2 protein chains.
Amino acid sequence: MREKRLSITDIARQLGTSTTTVSFVINGKAREKNISQVLIDRVEHLVSELNYQPNALAKSFRTGKTMTIGFIVDEISQPFFSGIAKYIDEKASAHGYNILFSSTKNSKKRGGEVLQVFNERHVDAFIIALPNGLENEVKEVIGGDVPVVLFDRYISGFESDYVLIDNESSAAEATQHLIDSGYKEIAFVTIETDQSQMLDRTKGYERAIVIAGLNPIVKRINYEGKPESVAEIAAFLQQNNQIDAVVFACNYLSMDGLDAMRQLNLKIGENIAMVSFDDLEVFKYFMPSITAIAQPLEEIADQIMEILMYRLTNNTNKNKIKAVLTTQMEIRDSSQFKKTSDEVQPEALTVGK
Amino acid sequence: MREKRLSITDIARQLGTSTTTVSFVINGKAREKNISQVLIDRVEHLVSELNYQPNALAKSFRTGKTMTIGFIVDEISQPFFSGIAKYIDEKASAHGYNILFSSTKNSKKRGGEVLQVFNERHVDAFIIALPNGLENEVKEVIGGDVPVVLFDRYISGFESDYVLIDNESSAAEATQHLIDSGYKEIAFVTIETDQSQMLDRTKGYERAIVIAGLNPIVKRINYEGKPESVAEIAAFLQQNNQIDAVVFACNYLSMDGLDAMRQLNLKIGENIAMVSFDDLEVFKYFMPSITAIAQPLEEIADQIMEILMYRLTNNTNKNKIKAVLTTQMEIRDSSQFKKTSDEVQPEALTVGK
DNA sequence: CTGAAAGCGCTTACAG
DNA sequence: CTGAAAGCGCTTACAG
């Protein structure tokens with residue numbers, strides 16, 4: 001099928017006209033180029049009769065546009081990223097764009113390579129959750145003429161279009177919710193990182209704790225792998241057994257925390273409360289269900305695509321666009337009002353296994 | 001940066017040689033084409049000095065190869081598909097390929113469009129979880145000269161390379177496990193579909209049930225959306241309250257089932273046992289943890305890529321390759337040996353909200 | 001209003 | 001051993 005494909009020359013020849021005319025008609029520039037209606041009709045008729053499809057490769061080569069968007073994230077299989085990917089794909093497809101994706105594994109080296117490869121492929125735009133330390137590569141590789149929208153995290157001092165959520169106030173809200181529910185020893189589990197979203201979440205937690213006159217208890221995991229993380233969280237909770245509530249700073253930490261608490265035989269909602277930053281569908285079905293800060297995935301994707309489409313059609317405005325979206329706290333059973341010790345049903349401890 | 005790019009002509013001119021020679025050297029054909037070592041060295045030296053990168057678009061246009069693989073699934077955000085995507089990306093990147101993805105939303109129409117668009121973009125190969133009814137489109141659009149590997153499901157009578165799992169025996173094994181654990185009224189919840197993987201899973205369930213002399217109880221959800229599905233499952237469980245165990249045929253049904261059981265206040269592992277076809281990380285941390293059939297994601301991706309690389313380098317072998325992988329049943333608490341009624345702790349019913 | 005033609009940056013058959 | 005040149009299928013400045 002691919003071999004016998006028609007070219008624009010075939011169409012022009014059959015019509016006794018020029019490729020110029022055919023090209024103009026096909027690309028909807030007929031009016032603007034003052035092609036006569038008769039010719040337009042003849043071209044359109046033959047094109048649809050022969051089901052002629054222009055060769056996208058030739059077109060890309062000629063115009064430099066690939067109708068492709070590079071989507072670069074830490075790991076595509078993380079629910080947050082695959083959720084964003086879903087909506088980005090929907091919206092990009094509607095505009096005739098397709099998504100080329102790759103995961104950086106949170107590695108600067110791998111991130112640089114992906115950036116380079118996608119740039120060589122001439123993607124028309126980039127959507128990136130950028131690993132730290134890659135600012136120069138982004139600037140250099142992309143060289144200013146390709147639209148880039150960063151999301152999930154920002155690089156301070158790095159000018160770019162951004163779509164973010166209000167991490168600080170969301171974390172503060174989650175913490176305040178635990179305070180309001182009567183918890184006094186509220187820990188915050190995050191990762192050892194300089195990624196902005198994690199720092200801002202920590203800041204929000206600390207702000208709420210300090211205002212309430214409580215002691216901040218922050219645990220920073222040096223993330224090397226799931227088993228290590230689970231062990232570290234378990235050790236932390238064991239060594240600080242005064243802790244009555246935990247805010248986990250992102251969904252994989254919440255997961256690791258659930259594993260740790262299970263291993264320690266801690267009963268969520270009984271011995272310990274928790275809130276997860278990032279919601280997952282399952283959290284609703286957990287016993288008890290898990291309170292979570294839900295990021296507005298579709299809205300994030302919407303904003304990203306809106307900015308991108310704007311840049312793609314009109315990149316003269318050099319003012320950077322920064323969208324900061326709000327989150328939604330889904331209050332569930334894991335953060336119920338704190339039971340005093342005599343309210344705890346002793347038999348509860350025997351159940352759930 | 002993009003504007004001032006060097007072309008192969010620049011290199012040739014600076015070297016006083018021809019583009020032919022430069023092209024041969026760059027593409028590693030220098031030896032084969034008997035280019036003298038002196039010339040090779042001079043070309044390589046200048047290329048690396050100027051950091052010359054061939055224009056990928058020109059190359060694709062000329063050769064028809066895009067070093068791109070089209071990855072088409074129902075929905076990229078489903079954990080099974082994003083998990084496969086993760087490994088496919090890793091392996092494809094290692095071979096210099098990148099992944100263009102799109103979701104079909106399980107729609108024949110949308111699937112056909114994606115197929116068409118990716119084909120026009122000249123992807124070098126396709127990896128597809130094919131919606132039913134799209135066999136002709138695949139055949140027509142792809143036209144036989146582009147490698148295609150189908151996964152997750154097969155289309156009976158449609159010859160192609162496949163990577164599948166042994167759905168029937170996996171479902172039989174899961175069912176048998178429930179039988180062995182003392183359950184007698186074991187239901188199977190699937191969707192109304194003619195997709196092979198779901199039919200095979202149903203077959204496996206029925207086989208085990210019949211051999212054990214039990215009554216098959218199959219519920220087929222006409223999947224229209226999550227709330228409807230949850231409601232249907234809930235109604236089904238309520239109307240058939242003799243059911244003491246359920247096998248859910250895929251991960252989103254397991255999720256919906258968890259929601260339904262929660263609404264009915266059924267305690268998993270107490271009032272009702274369950275096994276999920278498809279494992280999720282969270283199932284390990286559930287209270288109780290959920291027994292699941294785990295598909296070997298990385299192995300599936302490995303097989304897909306192995307077949308693809310074989311086809312991409314040597315597509316003369318017309319015999320189709322069919323890989324059928326085995327699953328792993330992760331036995332957890334949701335399918336514990338059935339408690340007799342006096343063993344059930346009555347207070348359990350008051351816990352978990 | 002329309003067409004002849006150059007040119008994008010490669011690859012490769014062909015000639016010597 | 002090496003190079004001049006055609007050609008892939010488009011787009012578009014230019015001429016009329």
Side-chain angles (χ1 to χ4, degrees), chain A residues 1-44 46-47 50-67 119-122 124 145, chain B residues 1-44 46-47 50-67 119-122 124 145:
Chain A
M1 180 154 192
R2 276 186 184 174
E3 36 282 354
K4 48 178 168 173
R5 282 195 50 158
L6 297 162
S7 78
I8 197 171
T9 321
D10 299 321
I11 303 291
R13 191 162 33 214
Q14 288 195 37
L15 245 27
T17 180
S18 69
T19 59
T20 309
T21 304
V22 178
S23 173
F24 286 158
V25 174
I26 287 171
N27 292 301
K29 296 186 181 167
R31 284 262 110 87
E32 164 193 341
K33 297 292 181 177
N34 287 317
I35 310 288
S36 68
Q37 192 57 51
V38 202
L39 240 189
I40 295 180
D41 291 345
R42 287 183 59 220
V43 172
E44 287 181 340
L46 187 62
V47 161
L50 300 180
N51 190 27
Y52 162 71
Q53 308 277 9
N55 180 326
L57 258 32
K59 203 163 171 165
S60 288
F61 169 51
R62 187 52 238 259
T63 61
K65 297 291 155 213
T66 54
M67 299 304 282
N119 193 50
E120 274 170 24
R121 284 173 174 280
H122 289 252
D124 293 340
D145 53 348
Chain B
M1 178 150 195
R2 274 186 184 174
E3 36 282 357
K4 46 177 167 172
R5 283 198 45 161
L6 297 162
S7 77
I8 198 170
T9 322
D10 298 321
I11 303 290
R13 192 163 31 213
Q14 288 195 39
L15 247 24
T17 180
S18 69
T19 59
T20 310
T21 304
V22 177
S23 174
F24 286 157
V25 173
I26 287 171
N27 292 300
K29 294 187 182 168
R31 284 261 109 87
E32 166 193 339
K33 297 291 183 179
N34 287 318
I35 310 288
S36 68
Q37 192 56 51
V38 201
L39 240 189
I40 295 180
D41 292 345
R42 289 181 58 219
V43 172
E44 287 180 342
L46 187 63
V47 161
L50 300 181
N51 191 27
Y52 162 70
Q53 307 277 11
N55 180 326
L57 259 32
K59 204 163 170 164
S60 288
F61 169 50
R62 186 53 237 259
T63 61
K65 297 291 155 210
T66 53
M67 298 305 282
N119 192 49
E120 273 169 25
R121 283 174 176 280
H122 288 254
D124 293 339
D145 52 348

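These numbers were taken from a predicted model, which means no experiment stands behind them. Letters A, B, ... mirror the listed sequences (proteins, then strands); counts begin at 1.
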*May I have the step-by-step check of side-chain contact (heavy atoms from CB on, under 4.5 Å) for L57(B) and R62(A), ending in yes or no?*
CA-CA 9 Å; L57(B) 259 32; R62(A) 187 52 238 259; over 6 Å; no

Using whole Å, what does the distance between atom [atom2] of nucleotide [N] and atom [atom1] of [X] come to?
| X | N | atom1 | atom2 | answer |
| --- | --- | --- | --- | --- |
| K65(A) | dC8(C) | NZ | P | 18 Å |
| R62(B) | dT11(C) | CZ | P | 8 Å |
| H122(A) | dC10(C) | NE2 | C1' | 12 Å |
| E32(B) | dT11(C) | CD | P | 13 Å |
| I35(B) | dT12(C) | CD1 | C1' | 12 Å |
| L57(A) | dT11(D) | CG | P | 13 Å |
| R121(A) | dC10(C) | CZ | C1' | 16 Å |
| I11(A) | dT11(D) | CD1 | C1' | 16 Å |

Has [X] got a side-chain N or O lying under 4.0 Å from the OP1 or OP2 atom of [N]?
| X | N | answer |
| --- | --- | --- |
| N27(A) | dT11(D) | yes |
| T63(A) | dT11(D) | no |
| N34(B) | dT2(D) | no |
| K29(B) | dT12(C) | yes |
| T19(B) | dC10(C) | no |
| S18(A) | dG3(C) | yes |
| Y52(B) | dG9(C) | no |

*Given that L39(A) and T9(B) both sit by DNA chain C, which one's nearest nucleotide is further toward the 5' end?*
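The residue whose closest nucleotide sits nearer the 5' end is L39(A).
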
*Quick one: on DNA chain C, does I26(B) or T17(A) contact a more 5' nucleotide (nearest heavy atom)?*
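With I26(B) and T17(A) compared, the 5'-side residue is T17(A).
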
*Considering only heavy atoms from C-beta outward, does the side chain of I8(B) approach that of P54(B) to under 4.5 Å?*
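No, too far: nothing below the 4.5 Å cut-off.
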
*Report which part of the nucleic acid S23(B) touches: base, sugar-phosphate, or nothing (heavy-atom distance under 4.0 Å, all strands).*
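Base, at least one base atom sits under 4.0 Å.
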
_Looking only at side-chain N and O atoms, does K59(B) offer a donor or acceptor that is under 3.5 Å from a partner on N27(B)?_
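The answer is yes; a qualifying pair exists.
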
_Show, in sequence, the C-alpha distance, side-chain angles and deciding distance for R31(A) and Q37(A), and conclude whether the side-chain hydrogen bond (donor to acceptor under 3.5 Å, both in side chains) test is met._
CA-CA 9 Å; R31(A) 284 262 110 87; Q37(A) 192 57 51; 2.6 Å; yes

*dA15(D) pairs with, by Watson-Crick or G-U criteria that keep both distances under 3.5 Å*: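 Paired with dT2(C).
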
*Residue whose closest nucleotide on DNA chain D lies nearer the 5' end, T21(B) versus F61(B)*: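 Comparing both residues, the 5'-ward one is T21(B).
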
*Do the side chain of D10(B) and the main chain of L6(B) share a donor and acceptor less than 3.5 angstrom apart?*
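Checked: no pair found.
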
*Expected output: side-chain S60(A) to main-chain A56(A) donor-acceptor under 3.5 Å*: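 Yes, S60(A) side chain to A56(A) backbone: donor-acceptor pair under 3.5 Å.
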
_Regarding dA4(C), can its base be found pairing with the side chain of T20(A) as donor and acceptor, where the two atoms are less than 3.5 Å apart?_
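Indeed, a donor on one side and an acceptor on the other fall under 3.5 Å apart.
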
